[in-house]
Amino acid sequence: MKDIREDIAWAKINQDVMKSLENPRPLYWVILFFAVLAFGIGIGCEVYQYQMGMGVANLDNPHVWGLYIATFIFWIGMSHSGTLLSAILHLMHADWRKPIYRFAEAMTTFSLMTAGLFVMVHLGRLWQFYYAVPYPNERWVWPNFQSPLLWDAMAIFTYLSSSVLFLFVGMIPDLAIARDNMQSGWRRKLYTLLALGWEGTDRQWRNFRVTYLTIACFLIPLAVSVHSIVASDFGMSQQPGWHVTSFPPYFVAGALYSGCAAIITLFIILRYVFKFEEYMTLPILKKIVRLTFAIAMVWTYLNCVEFASVWYSHDAVSKDLLIQKMTGPYAPFWWAMIFCGSIVPLIFAIKRFQTNIPVLFATSLLLNLGMWLERWMIVSPTFSHGYYPWTWDHDQWPSMIQWGIVFGSFGWFTLLFMVFCKMFPSVSMYEVKEMVYHRSLHLKQNGTVEQGVH
Amino acid sequence: MIDSDSVKNLAGHPFDRRDFLKVLGWGGAAAALSGCGNTSIEDGKETVVSYVEAKDYVIPGVAVYFNSTCAQCDAGCSITGKIREGRVLKLEGNPESPINKGKLCGLGQAAVQHHYNPDRVREPLLRKGDKGEAISWEKAYALINEKLAGVKGEEIALLSGDVSGHQKVLLGNYMDSLGSKNHFVYEAVSPAVVRAANLKFYGVEMPRYRIDKAKVVLSFGADFLGTWVSPVHFAQQYAAFRKGVDGQRGVLIQAESKMTLTGANADRWLAVRPGTEGILALGIINALGVSTGDVAELVKDYDKARVSRDTGVEPSNIDKIAALLKLRSPSLVLAGGAAEGYVHGMQNAAAINLLNQVLGNVGKTIEAPVSVPFPQMAPSKGRTAALKDLNDGLAAGKYKVLFNVATNPVFTAPASYKFRDNMAKAGFKVAFAHYLDETALQADLVLPLDSEMEDWGTHVPEYLADTVQINIQQPLMERLHANTRGMGDILLALVKQRRAEEYKAFDDYYGYLRSAVLQNKAALGGAGSDDDTFWNDTLSNGIVKLSGASGALSLKVDVSGLKLPAPKEIDEQYPMNLIPAVTSNLRDGRHTNQPWIQESPDPLTTIVWDSWVEMHPKMALQLGIVEGDIVKVTSKTGSVSAQVYLFPGIYPDAVSIPIGRGHDAMGRYAKGYGVNPFEIMDAVFESATGELAMHETRVNITKTGQRVIVVKDEGPAGGRQMGRKIAARVSTDQVDLSKEV
Amino acid sequence: MHRYLCFPAILAGFLMAVGCYAATDQQPTLTTEDDLGPQVQQPIEFPHYRHAGNRNTVDLTNSDPTKGGMEINCQYCHTYARRSLTAGIPPLQKCVGCHQNIPSVRDKPRIVELFKYWDAKKAIPWKKVHDLPDFVRFNHERHIKRFIEQQGRPVQEVCGYCHGQVKEMTTARRQKPITMGWCVSCHMKEHVVVVANKDGIPEGGTPLGKQAYWYTFQKPAETKNAAGELTAKGPNDCWLCHK
Amino acid sequence: MSVTNLLDNWAAVRHFHPIDDKPHDPYKWAMAIDLDACIGCNACAVACYAENNLPVVGREKFKHGQVMHWMRIERYWEEDGRDFPDQGFQFLPMMCQQCEAAPCETVCPVGATNHTQDGLNSQIYNRCIGSRYCSANCPFKVRYFNWYDYPTTENVWPAEMNYQLNPDVTVRGKGVMEKCTFCVQRLRAAEVTAKGEGRIVREGEVQTACQQSCPTGAISFGNLVDPESRVHKQWQAQQVDLDKDAQEKNQKEGGTDLRGYRILEELRSYPSVMYLERVRESAV
């Protein structure tokens with residue numbers, strides 16, 4: 001099967017994609033409704049938590065971090081998908097990424113925004129967050145540049161701004177198309193503004209290519225660093241289970257893994273909701289599935305490396321913790337993580353399932369669950385089974401408020417993402433055209449393509 | 001938060017003689033009180049209330065210190081109150097006092113929370129049906145006078161706790177003026193049986209124990225570090241004892257059925273079958289093998305095998321202890337609450353005292369106390385038998401008027417007394433109270449007392465550390481509530497109703513106290529100094545130290561009456577012994593409404609805010625009980641339900657419930673937390689003294705099927721250190737203590 | 001296309017400018033900058049100039065703030081400042097102590113008001129002029145010890161570092177920003193330290209080696225100013241004011 | 001507030017060994033706790049509540065592990081198959097160890113917890129934004145977070161009870177971290193007084209609240225660099241060096257006959273509290 005039909009007319013591409021801005025399937029509205037609902041619940045919980053204090057999340061001393069930080073890492077991880085597809089694969093000239101990289105990039109941006117929210121939600125004094133911003137102030141004090149948390153904030157901010165830029169720059173030609181296709185109204189004004197006067201001249205194309213490539217190159221180290229830095233939040237501490245040298249690659253692998261899994265999920269949703277069957281084709285899905293499988297195996301390997309290094313080290317406390325994870329109160333979640341993260345992706349190895357949408361959808365959700373559990377299993381057991389036995393957990397189970405905010409974050413992300421897809425072309429028109437062009441060129445050389453299409 | 005408004009409220013009080021503590025504002029020092037939330041600088045919005053008149057030593061922002069006496073228990077520790085801007089902030093020990101030498105226990109520190117307690121009674125309250133109506137003091141006094149009219153002296157009873165000093169004198173005079181001899185001195189928790197045994201053996205009730213001079217201390221349930229007699233003083237002696245005599249570290253052996261704080265610090269803790277402490281003592285005498293005559297005759301049956309069988313202590317341990325006691329002399333043997341709480345408590349205590357005598361400790365580590373030169377001020381010590389007597393009298397309808405001075409017998413009398421009902425038989429009940437506790441709620445008239453930080457007084461402790469000392473209690477700050485009165489002031493007002501002439505010279509208790517002290521100026525060591533100087537010195541010292549005569553103990557060894565019963569057979573229906581535990585935080589429950597006390601974890605179980613049933617893990621395993629199970633503890637008298645805590649420091653046949661919680665009145669921090677073991681305590685009495693035998697209750701345990709999370713500081717790891725070196729321990733042969741600083 | 005480059009260029013330029021500004025070693029200049037607080041309405045309009053002002057004339061009808069003062073030492077009334085963290089407001093007794101012996105002004109409205117409070121034995125509800133956030137503990141005593149007692153600087157000058165020229169005011173008004181940066185700016189300056197006493201601790205200044213440096217374990221080097229005098233910075237320890 | 005100023009400080013950022021160049025002059029506050037003297041009576045903990053305005057959180061919050069005791073008394077007993085704790089329990093007063101290379105300090109994003117020159121690990125409440133990273137990184141778990149706004153919580157400081165609050169210590173609102181300060185308000189007051197008199201704080205001039213109340217004198221506290229201080233003598237006699245992560249005496253063959261040790265010393269946080277092992281008689 002082919003990645004894409006070579007005989008799609010360019011006009012039809014424009015038409016199909018522009019349609020997604022107008023009339024999606026009804027499921028879109030259903031999703032949007034639930035997203036708003038979940039987000040509303042999250043907001044309610046957060047307002048209550050803000051009023052009452054962090055205690056309502058049922059965190060305690062010393063179990064001071066909980067699902068917020070776990071979910072924060074989860075969203076940061078999710079953000080790696082976009083960069084992987086658009087920047088890394090772009091540089092590798094893997095052109096099958098072209099129909100899907102736009103929404104992956106949007107995912108990057110929005111999951112980063114969600115992650116950023118968690119940093120805020122997690123703060124005990126949210127209203128003083130600006131103390132962590134290095135700017136000249138009347139107090140004459142700098143934040144602490146030694147703190148990985150500060151690096152984190154900066155890395156996230158940089159990554160977020162870069163990916164917004166990347167997303168935007170990559171969208172300019174398409175925005176121009178949208179502008180030209182819109183009759184009138186505020187959306188046309190918006191596209192006009194955002195298209196920055198794109199006319200498609202050679203000079204513009206040349207500048208555009210250079211800019212896009214530059215940002216892509218810039219973004220890759222950022223993506224790697226952002227999750228390495230998140231990893232160093234833990235790796236730089238000296239707590240058992242956190243103080244692990246292999247954490248940065250482990251986190252990056254985990255990030256790519258969860259990102260890919262999320263792409264599969266959203267791929268399937270978008271394909272249906274926006275009627276993108278022509279562009280988001282099963283062969284492309286198959287490629288992503290295979291990629292995901294590979295990353296899953298890398299992640300599994302890194303997991304084994306971590307266990308082995310703990311097991312063979314003389315660090316009795318870390319070893320204790322590992323045993324505790326496998327057998328203690330967190331064991332069900334830990335084993336669920338292993339199951340979802342390492343066993344479930346084996347389905348991807350079976351060819352028959354690589355294009356089976358219901359199976360893939362279910363599997364990708366399980367993978368995401370597994371990756372979320374992984375983050376939780378990194379954060380919480382260390383608190384409940386750290387160096388100091390006297391303070392091991394009392395009654396630590398996340399309260400409904402905590403769950404509510406975590407739940408709400410999914411609503412927030414979905415909301416942003418769905419609104420984006422309805423507002424902007426979520427399939428890159430000009431790149432799909434390129435792809436079709438290149439493929440048809442290849443066919444032309446073989447003389448198999450029908451005449452008169454282009 | 002305290003803002004300037006509340007300061008202004010305080011400023012509304014009228015001037016009086018205590019104006020040196022006048023709260024008239026803090027001159028800008030209020031700043032320090034608020035939280036982190038306020039980052040705003042609001043020039044010109046906040047009011048700075050300055051003093052109208054200020055003494056030279058009053059500097060806003062600088063603390064002043066006044067000495068007084070702690071009244072949280074009757075050990076008589078001297079305290080130094082830190083006062084800032086007219087408010088007492090913190091209590092420290094007064095270094096000048098030989099009893100506590102600048103130290104203070106947690107309970108003593110919490111006294112400020114008694115003073116500032118939001119649940120204190122603030123107005124005199126007269127019963128109107130179920131409610132109390134606030135009345136004026138004049139009316140209250142008139143009412144008392146009215147109710148006393150025509151009542152015969154023997155129909156009037158007064159119940160109080162330990163009392164000493166001038167208050168005792170005044171109390172005595174008042175009762176005298178009423179023609180009543182019915183002053184019942186009652187403490188729910190007191191070593192009355194040991195006192196009686198001591199009196200019989202040594203000729204004094206409370207000799208001076210010299211733990212610091214002993215090389216070995218063998219204690220039979222005496223929790224001298226936690227609750228027994230004078231814990232802060234003994235803790236200091238203990239510290240010296242551990243440092244050692246001639247560099248040899250003191251050895252502490254504790255034998256008891258339920259581990260106390262002292263037991264938790266022992267080098268060897270022996271779990272003995274409840275009630276067999278005396279048998280163990282005799283067994284040790286036997287194992288020492290040094291006695292002759294009567295004593296040898298007495299102990300000859302108490303061979304190791306039998307003693308071990310009876311007490312549950314391993315024979316090897318008896319040998320080791322005997323060997324150690326023989327090797328290291330002097331030693332000290334103590335009998336405490338656990339030994340005396342049985343029908344044969346006196347016999348237990350006698351056997352233990354005999355062991356002391358056999359070891360030759362009397363005169364070495366047990367010394368004669370100094371005698372107080374003013375016997376009228378010497379303390380009257382409470383007994384549980386007194387409450388029994390009062391209760392019997394009330395039940396028989398003997399008393400028409402009952403005064404209750406801040407005791408809480410409704411809470412601390414065993415339920416089988418039916419004290420609440422009997423109390424109702426007295427026609428007119430007056431409670432002098434700090435809180436509306438269980439007893440005050442039964443009264444017809446509740447008169448609010450000053451806290452110890454607002455009141456004047458003198459105290460003579462029963463256990464004198466060094467010299468005789470009269471402790472001065474003085475207000476550390478202005479009265480917090482306008483309508484509370486000191487007990488002394490109330491007594492003076494009442495006695496004036498009877499003997500106006502005699503007391504007309506005294507405006508108030510302060511005046512009475514001052515003149516009483518100054519009258520004896522010479523005897524109190526103030527000869528030569530003028531009245532004001534002496535008085536001011538006395539107040540500033542907080543203690544008057546006197547040299548009292550210290551006689552010798554009149555040792556009487558009479559073993560003829562000494563006969564210890566064999567351990568009780570296990571009762572099928574009620575197989576377990578109930579040990580009501582006296583904990584160092586809660587004591588008899590009068591301080592339960594002080595939140596620091598509620599939240600300060602029990603040292604042994606780390607449980608807070610609740611009662612628990614302590615049970616040995618082995619026994620729990622047998623009964624299929626795990627931690628947090630709610631069990632019903634049933635005795636012949638009744639039953640209570642509480643959570644189980646598995647605790648290894650208890651004899652497996654016994655369960656223990658702490659005393660002090662389970663209030664159904666008193667205040668927001670006490671009410672509704674835990675259960676009260678007095679409710680299921682059988683009314684069994686010590687045979688020789690008539691004291692309540694608190695350890696004689698037999699119970700059975702049934703599961704209710706409910707389970708809760710035990711609220712405690714200890715985590716799921718329990719007391720295990722998981723291989724980390726956290727709280728390390730070393731045995732004496734591995735360490736060289738002589739090198740230490 | 002160049003139009004669209006304008007914005008990034010301006011942005012980059014702006015960022016660079018901010019960077020350069022931030023990078024330069026800003027000398028603390030705030031100390032001299034006056035930042036007037038609100039004029040606070042007091043229950044009695046206390047004339048500071050009359051009490052602390054210069055004794056140019058003793059003409060009491062003169063309302064020129066710079067003239068007609070009694071040159072009373074600040075510490076005569078604000079007596080707690082040298083002994084306590086807080087300067088405090090003098091007790092009413094202090095005012096009356098003098099004024100009951102000054103019959104000439106007894107019927108002035110302010111004095112009448114004063115005696116009204118005194119007769120009622122009521123405290124005057126003064127309004128706070130220099131209000132710090134509740135978590136800040138400025139120590140008056142230490143500053144007076146250091147500058148007045150140990151270095152012998154004039155009282156009014158030293159008080160004026162923070163309170164401005166109160167002797168020229170009627171009721172006091174805040175003259176300085178009293179923000180943390182303002183405090184720190186002074187603490188970061190090199191101040192002259194008087195010679196060391198026998199313990200090697202320089203009097204009238206922060207002993208060398210006592211400055212706490214945030215994350216720094218290095219002993220600060222001994223510094224001298226152009227005149228060769230020993231200098232030191234003020235303490236840099238958060239826990240001195242925030243506890 | 002300039003970058004130069006930032007770089008200045010940064011250039012002198014923590015050395016690998018924090019106390020190589022002996023910066024603690026004239027003060028280094030330290031503690032020694034004799035576990036043999038500690039009887040676990042809780043007097044220190046209550047004194048700490050009184051001195052430092054600690055909120056009483058109540059039963060429900062205690063249950064959720066949100067208690068605020070800066071000083072906690074831990075009670076240990078290793079079973080080793082025994083039925084009874086027949087050598088008693090082991091009590092351990094645990095509070096902030098004021099580490100020299102404190103793991104909490106480096107991770108705070110806003111620098112709300114720093115090292116002071118007199119060897120304390122400061123906690124600045126008003127700077128804290130509540131990221132709780134410090135607590136996450138504390139090996140001893142002695143940091144306590146204000147999960148609720150205790151000053152406004154019912155029955156924490158109801159009317160009158162709030163009069164007891166120590167004005168020298170900030171009452172913490174919700175969302176800030178707090179911990180044992182070695183009673184810094186007392187230390188600073190003593191230091192400032194001494195400075196005014198041109199001397200250093202003398203031994204015995206300042207006591208922490210826990211030390212002052214301890215009935216058995218198990219806690220000694222003082223200036224470690226002052227050779228006259230009891231703490232200095234104790235540390236020296238026990239051969240415990242502040243700047244070692246493993247004490248020489250323990251590396252000697254046959255072990256040591258001294259009982260001074262520091263908890264989790266091997267983590268290289270260089271705690272300022274030395275504990276003396278509890279002693280138990282071998283003859284019984």
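Residue numbering restarts at 1 for every chain, and letters A, B, ... go by the order of the sequence lines.
Of the atoms belonging to A:Val119, not a single heavy atom falls under 4.5 Å from chain D. A:Trp151 does not touch chain D: none of its heavy atoms, backbone or side chain, sits under 4.5 Å away. Residue A:Gln51 touches chain D through its backbone alone, counting heavy-atom pairs closer than 4.5 Å. In this structure, chain D has no heavy atom under 4.5 Å from any part of A:Asp152. The part of A:Ser232 that comes within reach of chain D is its backbone (N, CA, C, O), which places non-hydrogen atoms under 4.5 angstrom from that chain. Contact annotation for D:Val142: neither backbone nor side-chain heavy atoms come within less than 4.5 Å of a heavy atom of chain A.
Remark: the backbone N or O of D:Val110 is not paired with any side-chain donor or acceptor of A:Tyr131 at under 3.5 angstrom. Side chain of A:Gln239 to backbone of D:Asn137: a donor-acceptor contact under 3.5 angstrom is found. One N or O on the side chain of D:Arg132 and one on the backbone of A:Val64 form a donor-acceptor pair closer than 3.5 Å. D:Arg143 places no side-chain N or O within 3.5 Å of a backbone atom of A:Pro62 that could act as its donor or acceptor partner.
In this pair, A:Trp65 and D:Tyr133 present their aromatic rings tilted. The plane angle is within the 30 to 60° band.
Note: A:Asp233 leads A:Asp233, A:Ile69, A:Leu150, A:Val133 in heavy-atom pairs under 4.5 Å with chain D. Ranked by heavy-atom pairs shorter than 4.5 Å toward chain A, the options D:Arg72, D:Lys141, D:Lys174, D:Arg127 are led by D:Arg127.
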Practice prompt. Start with the C-alpha distance between A:Trp390 and D:Met94, add both sets of side-chain angles, then the distance that settles side chain to side chain contact (heavy atoms under 4.5 Å, CB included), and finish with yes or no.
Written response: CA-CA 10 Å; A:Trp390 185 261; D:Met94 190 63 188; over 6 Å; no
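When every heavy atom of A:His122 is checked against every heavy atom of D:Ser131, the shortest pair comes out as NE2-O, 2.7 Å. A:Asp60 and D:Gly65 get closest at one heavy-atom pair: CB-O, 3.4 Å. Summarising the geometry of A:Asn144 relative to D:Cys108, their closest heavy-atom pair is ND2-O, 2.9 Å, with the distance given to 0.1 Å. The minimum heavy-atom distance between A:Leu59 and D:Gln66, with the atom names listed, is O-NE2, 2.8 Å. Closest non-hydrogen pair, D:Pro139 versus A:Tyr388, comes out as O-CB, 3.4 Å. Annotation for A:Leu149 and D:Val107: closest pair CB-O, 4.4 Å, computed over non-hydrogen atoms.
The environment of CD in D:Gln251 is crowded: more than 12 heavy-atom neighbours from other residues, nucleotides or ligands sit within 6.0 Å. Other residues, nucleotides and ligands place more than 12 heavy atoms under 6.0 Å from the CE atom of A:Met326. Within a 6.0 Å radius of OH in A:Tyr130, other residues, nucleotides and ligands contribute more than 12 heavy atoms. More than 12 heavy atoms of other residues, nucleotides or ligands shown are found within 6.0 angstrom of CZ on A:Phe307. Other residues, nucleotides and ligands contribute at most 12 non-hydrogen atoms within 6.0 Å of the CZ atom of A:Phe407.
Residues A:Asn61 and D:Trp147 have side chains that bring a donor and an acceptor to within less than 3.5 angstrom of each other. Between the side chains of A:Asn58 and D:His64, a donor-acceptor pair is found at a separation under 3.5 Å.
The CD atom of A:Gln128 sits 9.0 Å away from atom CD1 of D:Ile129, with the distance rounded to the nearest 0.5 Å. With values rounded to the nearest 0.5 angstrom, D:Asn146 atom CG is found 12.5 Å from A:Met54 atom CE. Between atom CG of residue D:Leu264 and atom OH of residue A:Tyr387 there is a gap of 7.5 Å, rounded to the nearest 0.5 Å.
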